[in-house]
Each structure stands twice: as C-alpha cells, then as structure tokens.
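The model shown is predicted, which means the values in this text are computed figures rather than measured ones.
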Amino acid sequence: MNTGFTISDIIPAKPSEVYEAWLSSAGHAAMTGSLATVDGRVGGLFSAWNGYIFGRTLALIPDQRITQAWRTSEFPGDAPDSQLEIVLEEVPGGTKITLIHSNMPEDQISSYRQGWDDFYFKPMKKFFKN
C-alpha cells in the first residue's frame, strides 16, 4: 500500500490564510462547507466532513507545509493511516496548494483524487474568492 498521488491547484489567498484555515475548526469548516474539528498543533487530532475524515497532525512548517496521518471511515480496519502532505507556495494569484497523498488503499486512490478537487479545492476557491 505504498500508493498515492500528487495534485495541485491555485487558491486565491495568501499561504498564511490557507494554513490558518486548514488548522482551525472554524476555518476548516468555513472553507469546505462541512463540520470540522481541528486541534492545529503537532500531535493534535482532527476530523472533517462530519467525521468521515480523521487523523492527527504529524509536522508543521508555518505557512508552508502540513503533514498529517489521514484516513476515512471507508479505510479497511487493518489498513494503516495514509499520509497527507500539504505544501503551500505563494504564486501570482494566490497560493499553489500541492497535496501529496501516499500510502492509500489502492482501490480508493481515484475516488480520493477526485474528492480533493470536489470537496476541497472547489469550495476553497469559492470561499477565499469572497
């Protein structure tokens, strides 16, 4: 299960705004449009999308990188956590966000790749554009 993918998009916000929103309950919920609970410290637990996504934060570089142990309620019980690395880079027009999602259950890769676009990138663009 050393499988995964990398995807990127441009979000119309500063890296610090994306970083802060990702790591706060209110900010995460506002930018995705769904309930989230986030303890934004290394070792802190998080859940999003009404508990469908959950895990813990492994490492932080303020305004640049977030690394999390990540899983959903659809992961097989014996599957290890996947790893999600969120890289934020200031670019013209906002922030290039790159998600490096590894150690995924192989049969779920394509649905999660599409899910990041549908349930994160699209609502984040709309939220930060306002």
Side-chain angles (χ1 to χ4, degrees):
M1 288 201 349
N2 261 341
T3 55
F5 56 88
T6 300
I7 57 172
S8 297
D9 209 334
I10 305 298
I11 305 298
K14 295 178 182 180
S16 61
E17 294 171 318
V18 176
Y19 181 89
E20 289 170 20
W22 198 285
L23 292 173
S24 78
S25 297
H28 203 103
M31 74 177 186
T32 62
S34 185
L35 182 64
T37 304
V38 182
D39 177 344
R41 301 172 293 170
V42 172
L45 300 178
F46 67 87
S47 69
W49 288 97
N50 299 312
Y52 173 72
I53 298 168
F54 55 96
R56 88 187 129 78
T57 300
L58 302 173
L60 297 169
I61 300 174
D63 305 335
Q64 295 177 38
R65 187 178 304 261
I66 301 166
T67 305
Q68 296 178 320
W70 189 100
R71 65 187 302 116
T72 72
S73 57
E74 293 182 357
F75 273 37
D78 61 347
D81 291 344
S82 66
Q83 182 168 305
L84 177 65
E85 189 172 353
I86 302 130
V87 179
L88 306 172
E89 177 187 357
E90 190 166 358
V91 296
T95 297
K96 179 180 180 185
I97 182 170
T98 301
L99 300 180
I100 305 155
H101 205 159
S102 59
N103 205 29
M104 301 285 304
E106 194 168 342
D107 63 338
Q108 297 178 8
I109 292 172
S110 64
S111 68
Y112 289 123
R113 180 185 290 121
Q114 186 62 48
W116 282 115
D117 189 47
D118 293 341
F119 300 109
Y120 273 82
F121 291 165
K122 287 178 183 173
M124 287 171 73
K125 287 184 207 176
K126 185 176 178 182
F127 172 75
F128 285 111
K129 191 174 187 179
N130 294 334

**Q** For a 4.5 angstrom cut-off between non-hydrogen side-chain atoms, does Phe54 reach Leu45?
**A** no

**Q** If you round to the nearest 0.5 Å, how far is CD1 of Ile7 from OH of Tyr112?
**A** 13.5 Å

**Q** Search all heavy atoms of Thr95 against all heavy atoms of Ala13 and return the closest pair with its distance.
**A** OG1-O, 2.6 Å

**Q** Measuring only between side-chain heavy atoms, which start at C-beta, is Ile61 closer than 4.5 Å to Tyr19?
**A** no

**Q** What distance do Lys96 atom NZ and Thr98 atom OG1 have between them, rounded to the nearest 0.5 Å?
**A** 4.5 Å

**Q** Do Gln64 and Leu88 touch side chain to side chain, with heavy atoms closer than 4.5 Å?
**A** no

**Q** What's the separation between atom OG1 in Thr57 and atom CG in Leu23, rounded to the nearest 0.5 Å?
**A** 6.0 Å

**Q** Under the 3.5 angstrom rule, does the side chain of Arg71 hit a backbone N or O of Met104 as a donor-acceptor pair?
**A** no

**Q** Got a donor-acceptor contact below 3.5 angstrom from the Thr6 side chain to the Ile100 backbone?
**A** no

**Q** Mind checking whether Ile97 and Ile86 have side chains closer than 4.5 Å, heavy atoms only?
**A** yes

**Q** Could you pull out the closest heavy-atom pair between Thr67 and Gln83, with the gap in Å?
**A** CG2-NE2, 3.6 Å

**Q** Search all heavy atoms of Gln68 against all heavy atoms of Trp22 and return the closest pair with its distance.
**A** OE1-NE1, 3.5 Å

**Q** Any chance the rings of Trp116 and Phe121 have centres within less than 6.0 Å?
**A** no

**Q** Scan residues 117-128 for pairs that pass side-chain hydrogen bond (donor to acceptor under 3.5 Å, both in side chains), counting only residues two or more places apart or in two chains.
**A** Asp9-Lys125, His28-Tyr120, Gln114-Asp118, Asp118-Lys122

**Q** Tell me, please, which residues at least two apart from Glu74 pass side chain to side chain donor-acceptor pair (under 3.5 Å).
**A** Tyr52

**Q** Can you name the closest pair of heavy atoms from Ala36 and Ser25 and give their distance?
**A** O-CB, 3.5 Å

**Q** Answer yes or no: is there a side-chain heavy-atom contact under 4.5 Å between Asn50 and Ser34?
**A** yes

**Q** Would you say Phe75 and Trp49 are hydrophobically clustered, going by side-chain heavy atoms of ILVMFWY under 4.5 Å?
**A** yes

**Q** For a quick test of reading the model, state the closest non-hydrogen atom pair linking Ile10 to Gly93 and the distance between them.
**A** CG2-O, 4.1 Å

**Q** Step by step, would you call Ile109 with Phe5 a side-chain contact (heavy atoms from CB on, under 4.5 Å)?
**A** CA-CA 8 Å; Ile109 292 172; Phe5 56 88; 3.6 Å; yes

**Q** To the nearest 0.5 Å, tell me how far Met31 CE sits from Ser24 OG.
**A** 8.0 Å

**Q** Kindly assign one of parallel, tilted or perpendicular to the pair His101 and Trp70, based on the angle between their ring planes and the thresholds 30° and 60°.
**A** perpendicular

**Q** Does the side chain of Met124 come within less than 4.5 Å of Val18's, by heavy atoms?
**A** yes

**Q** Can you check whether Phe46 reaches Thr37 side chain to side chain, under 4.5 Å on heavy atoms?
**A** no

**Q** Between the main-chain N or O of Gln108 and the side-chain N or O of Arg113, is there a donor-acceptor pair closer than 3.5 Å?
**A** no

**Q** Using salt bridge (charged side-chain N to carboxylate O under 4.0 Å, His left out) as the criterion, list what pairs up with Arg41, not counting sequence neighbours.
**A** Asp39

**Q** Looking at Glu17, is its backbone amide N or carbonyl O close enough to the side chain of Glu20 to form a donor-acceptor pair, meaning the two atoms are under 3.5 Å apart?
**A** no

**Q** Quick one: CG on Asp63 to OG on Ser16, what's the gap to the nearest 0.5 Å?
**A** 5.0 Å

**Q** So which heavy atom on Glu106 is nearest to which on Thr3, and how close?
**A** CA-OG1, 4.0 Å

**Q** Please tell me if the side chains of Leu84 and Leu99 come closer than 4.5 Å, counting only heavy atoms from C-beta onward.
**A** yes

